[in-house]
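Below you'll find the structure, written out as C-alpha cells, and then a few comments.
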Amino acid sequence: MRTATLDPAQRAESLAAMADRELDILVVGGGVVGAGTALDAVTRGLATGLVEARDWASGTSSRSSKLIHGGLRYLEMLDFALVREALKERGLLLERLAPHLVKPVPFLYPLQHEGWERLYAGSGVALYDAMSMARGHGRGLPMHRHLTRRHALRVAPCLKKDALVGALQYYDAQMDDARYVATLVRTAAAYGAQVANRARVTGFLREGERVVGARVEDVEAGGEYEIRAKQVVNATGVWTDDTQAMVGERGQFHVRASKGIHLVVPKDRIHSTTGLILRTEKSVLFVIPWGRHWIVGTTDTDWDLDKAHPAASSADIDYVLQHVNAVLAVPLTRDDVQGVYAGLRPLLAGESDATSKLSREHTVAHPVPGLVVVAGGKYTTYRVMAKDAVDEAVHALDQRVADCVTEEIPLVGAEGYRALWNARARIAVRTGLHVARVEHLLDRYGSLAEEVLDLIAADPSLGAPLAAADDYLRAEIVYAASHEGARHLDDVLTRRTRISIETFDRGTRSAREAAELMAPVLDWDADRIEREIEHYEKRVEAERESQRQPDDLTADAARLGAPDVVG
C-alpha cells in the first residue's frame, strides 16, 4: 500500500477529482467520525470523497480528554452495551489498528470511605476488566489492583493523606486525538479516498427531494466545486443541526453541545507515577499523564455560543482547580497552568436538561433520500459509528457492496512499528539522534517516522529541536506541511504538534521559527509569514483574554476578537 502525502498539490488534485465524476460516497466533516467513515467506505471499494471546512480535527476531535476508554462511569448507569462496545474498540486500537498512537495509561481512584466503597467501586472495576477480557481484547492492559492508603501514597505522593483511606488502580488508554485523525485521513487517502481540508460545504445539490451532492467552496484558493455523489454522509458533530438546515430538514434528532475544558500543567507540579480519577458532584475529573505534562479536566456545561472557538472562562478554570486541589497536598495555582483548551461534545438531546445525562450513544438516520446523518457517540467508538453510517448509505446504493473491513485495517504507521521500536537504539546510532528522540518520533508517527528521518538526512539542521519548544524537532514542522495537510501556522502549533498548550508562552515564541520552516513547502513569501505569525499571536491573546472573563458570554466575546486566517 502506498503512503498518501497530504501536500498542497494533493489537495488541489483531490478537489478537481471529486468534481470530475460522481462519487459513491461524499463525507462532510473531517473529525474522527468523518475520517473514519471515509476509511470505511473506501475500503469497501466505494469511490469516496471527504471534505472539511477548516483543518482536520479542528473541532471536537482535537479538544477531547485524549482518552480511549470503555467509559467506567457508564457501568454505574448500567449502560453495559455501550461499555462492552467501547472496550472492544479500545482493545482493537491498542493491539491491532493503531499501537503506535494508542498507549496504556494507569489511573488511581482514591477511596474515601471504609468498607462499602471498596466493595462497590472494586466490583465495578473488576466487571470493567472482565468485560474487556471476555471480548478477547484486554490482553494489552494490566488488570486492576487494590491498594492500601500507604501503597497509594507511594504511587501518588501528591495526594493529601486525609483525602483517601485506600485506592484502586486500573488501566485505560490514551492518544493524541488530533494526530490520530490526521493519520486516519492519510490512511483513507492511501486506499484511494479523495480528501481536502479547508473545503467548506455551502449547500447541497438537489434533484427533487433527493440530495445528489454538495457545493463546496475552496476556502484557500477561492472557487466553488459541484461534487456529485450517490450518497452524502453528514458527520459534522456539533454542527449537525446547522448542516441539516441546508436541506431544510433538521432530522429526527437534535444535537446539543456540552463544553468541557482542560488545563495543562507541568509534570513536576503533581508528584505521581499514575493518573488520577476523581468524583465531582456532576461527573468525574481526570488527571492524565501527558508526556512532560498533566492534563486536568473536564467540565460538563451546556454551550450555545460560537461552536468553532468554544471559550474557557475564568469560572471554568477555577472549577477545575478547586476540584483537583481538594485532594492535592500541594495545590495548583493559576501560575501553574501552561495551557487551557475547550471542546464541545456532540450529545443527542434527551429528556434531561443536564448535559451530563444526555446520551453518549450514537444514532444514524436517513432524513431525505441521498443524505445520511451520523451523530452523538464518543471518540473511542468512532469506527462503529462509521460502519453504521456506511451501512445505512449502502442500503440506498444500487450495487453490491462488501461488508465493513476496518476491524482488520491498521492505520498508516502501524505496520512495522513494533519492529522499529525494538530497533530504536540502532536507529539512534544510525541517525545521530538520542534514543529518546527516536522513541518520540515512533510514538507519533509509527513506521512513518522513517519519512521524518529522511528529511533530516537531506537537511541535518532539521534534526535540531525547536528553540522554544524543544520536545519537537524542526523536521516535524516541515513534515506537518509537506505530508500531513497543515495549511497554516495555527494547524501546526495547535494540532500537528501541541506546542500551543504545552508551553507557558502558548507557542508564540516558536511561531516565527515554525512559520519560516513551513514557508518553502507552502510557497509563502515574507508578507505571508508575517500575516501567519500576527494571526497566531492575536489568537493566543484572544484566548488568554477569554480566560480572564467571568462567564461564558464574556469569554465568547473575547475569543471572537481574533478571526480565522484564510489563504
Side-chain angles (χ1 to χ4, degrees), residues 31-36 39-40 57 60-75 79 81-107 109 125 128-129 131-133 135-144 169-185 187 237 260 262 274-277 284 286-291 294-295 297-298 341 343 345-346 360-362 376-387 406-407 409-414 417 443-446 495 498:
V32 71
V33 176
L39 177 60
D40 188 294
T60 304
S61 294
S62 61
R63 303 166 190 230
S64 73
S65 297
K66 311 194 189 324
L67 292 177
I68 294 291
H69 63 121
L72 187 58
R73 71 189 178 104
Y74 299 114
L75 278 183
D79 198 343
L82 180 63
V83 175
R84 189 180 301 111
E85 179 179 83
L87 286 172
K88 177 192 173 184
E89 294 304 309
R90 185 190 72 176
L92 282 171
L93 292 167
L94 273 166
E95 297 163 22
R96 182 188 303 164
L97 304 185
H100 55 314
L101 301 176
V102 180
K103 305 293 180 183
V105 60
F107 285 104
Y109 176 64
V125 176
Y128 194 64
D129 279 350
M131 289 172 71
S132 175
M133 295 299 289
R135 298 303 295 260
H137 291 293
R139 295 183 300 278
L141 296 176
M143 300 294 283
H144 76 283
Q169 189 173 47
Y170 74 99
Y171 280 77
D172 257 319
Q174 70 176 163
M175 72 335 184
D176 182 329
D177 47 9
R179 168 146 304 284
Y180 190 94
V181 174
T183 307
L184 201 51
V185 172
T187 307
H262 295 80
T274 178
L276 305 173
I277 177 171
V284 293
F286 287 103
V287 179
I288 305 162
W290 181 255
W294 298 96
I295 292 175
T298 182
Y341 65 94
R345 304 175 191 85
R360 296 314 306 273
E361 306 234 3
H362 69 273
K378 53 204 287 281
Y379 200 113
T380 303
T381 56
Y382 82 87
R383 196 192 63 81
V384 179
M385 296 173 68
K387 173 187 178 298
T406 53
E407 207 171 302
I409 304 291
L411 271 56
V412 291
Y417 159 71
D443 280 341
R444 281 170 54 76
Y445 307 97
R495 285 173 291 277
R498 293 314 187 127

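Residues Val105 and Lys66 are not in side-chain contact: their nearest non-hydrogen atoms beyond the backbone lie 4.5 Å or more apart. Residues Trp294 and Leu276 form no side-chain contact, since every pair of their non-hydrogen atoms from C-beta on lies 4.5 Å or further apart. Using a 4.5 Å heavy-atom cutoff, the side chains of Thr183 and Val412 are in contact. Side-chain atoms of Asp177 and Val32, non-hydrogen and from C-beta on, never get closer than 4.5 Å to each other.
Side chain of Thr60 to main chain of Arg345: no donor-acceptor pair is present (N/O by atom type, distance under 3.5 Å, no hydrogens or angles). Looking only at distances, no side-chain donor or acceptor of Asp129 sits under 3.5 Å from a matching main-chain atom of Met143. Side chain of Lys387 to main chain of Glu407: no donor-acceptor pair is present (N/O by atom type, distance under 3.5 Å, no hydrogens or angles).
The distance from atom CG of Asp40 to atom OH of Tyr382, rounded to the nearest 0.5 Å, is 10.0 Å. Atom CG of Leu94 is separated from atom CD1 of Ile68 by 8.5 Å, given to the nearest 0.5 angstrom. The distance from atom CD of Gln174 to atom CG of Leu101, rounded to the nearest 0.5 Å, is 12.0 Å.
Scanning both residues, Gln169 and Pro106, for their nearest heavy atoms gives NE2-CB, 3.9 Å. The minimum heavy-atom distance between Ile288 and Ser65, with the atom names listed, is CD1-O, 3.4 Å. Among all heavy-atom pairs drawn from Arg495 and Arg498, the shortest one is O-NE, 3.9 Å. Residues Thr381 and Glu89 come closest through the heavy atom pair CA-CG, 4.3 Å. Shortest non-hydrogen contact noted between Thr380 and Leu67 is OG1-O, 3.8 Å. For the residue pair Met175 and Ser64, the shortest heavy atom distance occurs at CE-OG, 4.3 Å.
Ile277 meets the side-chain contact (heavy atoms from CB on, under 4.5 Å) test with Phe107, Tyr109, Tyr170, Val284, Phe286; sequence neighbours excluded. Applying the side-chain contact (heavy atoms from CB on, under 4.5 Å) criterion to Ala57, with sequence neighbours excluded, gives Ser61, Ser62, Ala178, Val181. With sequence neighbours excluded, the residues forming a side-chain contact (heavy atoms from CB on, under 4.5 Å) with Ala414 are Pro99, His100, Pro410, listed by chain and number.
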| field | Verdict with reasoning, Leu93 to Tyr180, per side chain to side chain contact (heavy atoms under 4.5 Å, CB included) | value | CA-CA 11 Å; Leu93 292 167; Tyr180 190 94; 2.9 Å; yes

| task | Start with the C-alpha distance between Arg383 and Leu39, add both sets of side-chain angles, then the distance that settles side chain to side chain contact (heavy atoms under 4.5 Å, CB included), and finish with yes or no. | result | CA-CA 9 Å; Arg383 196 192 63 81; Leu39 177 60; over 6 Å; no

| request: Carefully, step by step, assess Asp443 and Tyr417 under the rule side chain to side chain contact (heavy atoms under 4.5 Å, CB included). | output: CA-CA 9 Å; Asp443 280 341; Tyr417 159 71; 3.0 Å; yes

| Test side chain to side chain contact (heavy atoms under 4.5 Å, CB included) applied to Tyr128 and Leu87, step by step | CA-CA 8 Å; Tyr128 194 64; Leu87 286 172; 3.8 Å; yes

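Among the candidates Arg96, Arg90, Glu95, the single residue satisfying the side-chain contact (heavy atoms from CB on, under 4.5 Å) test with Leu92 is Arg96.
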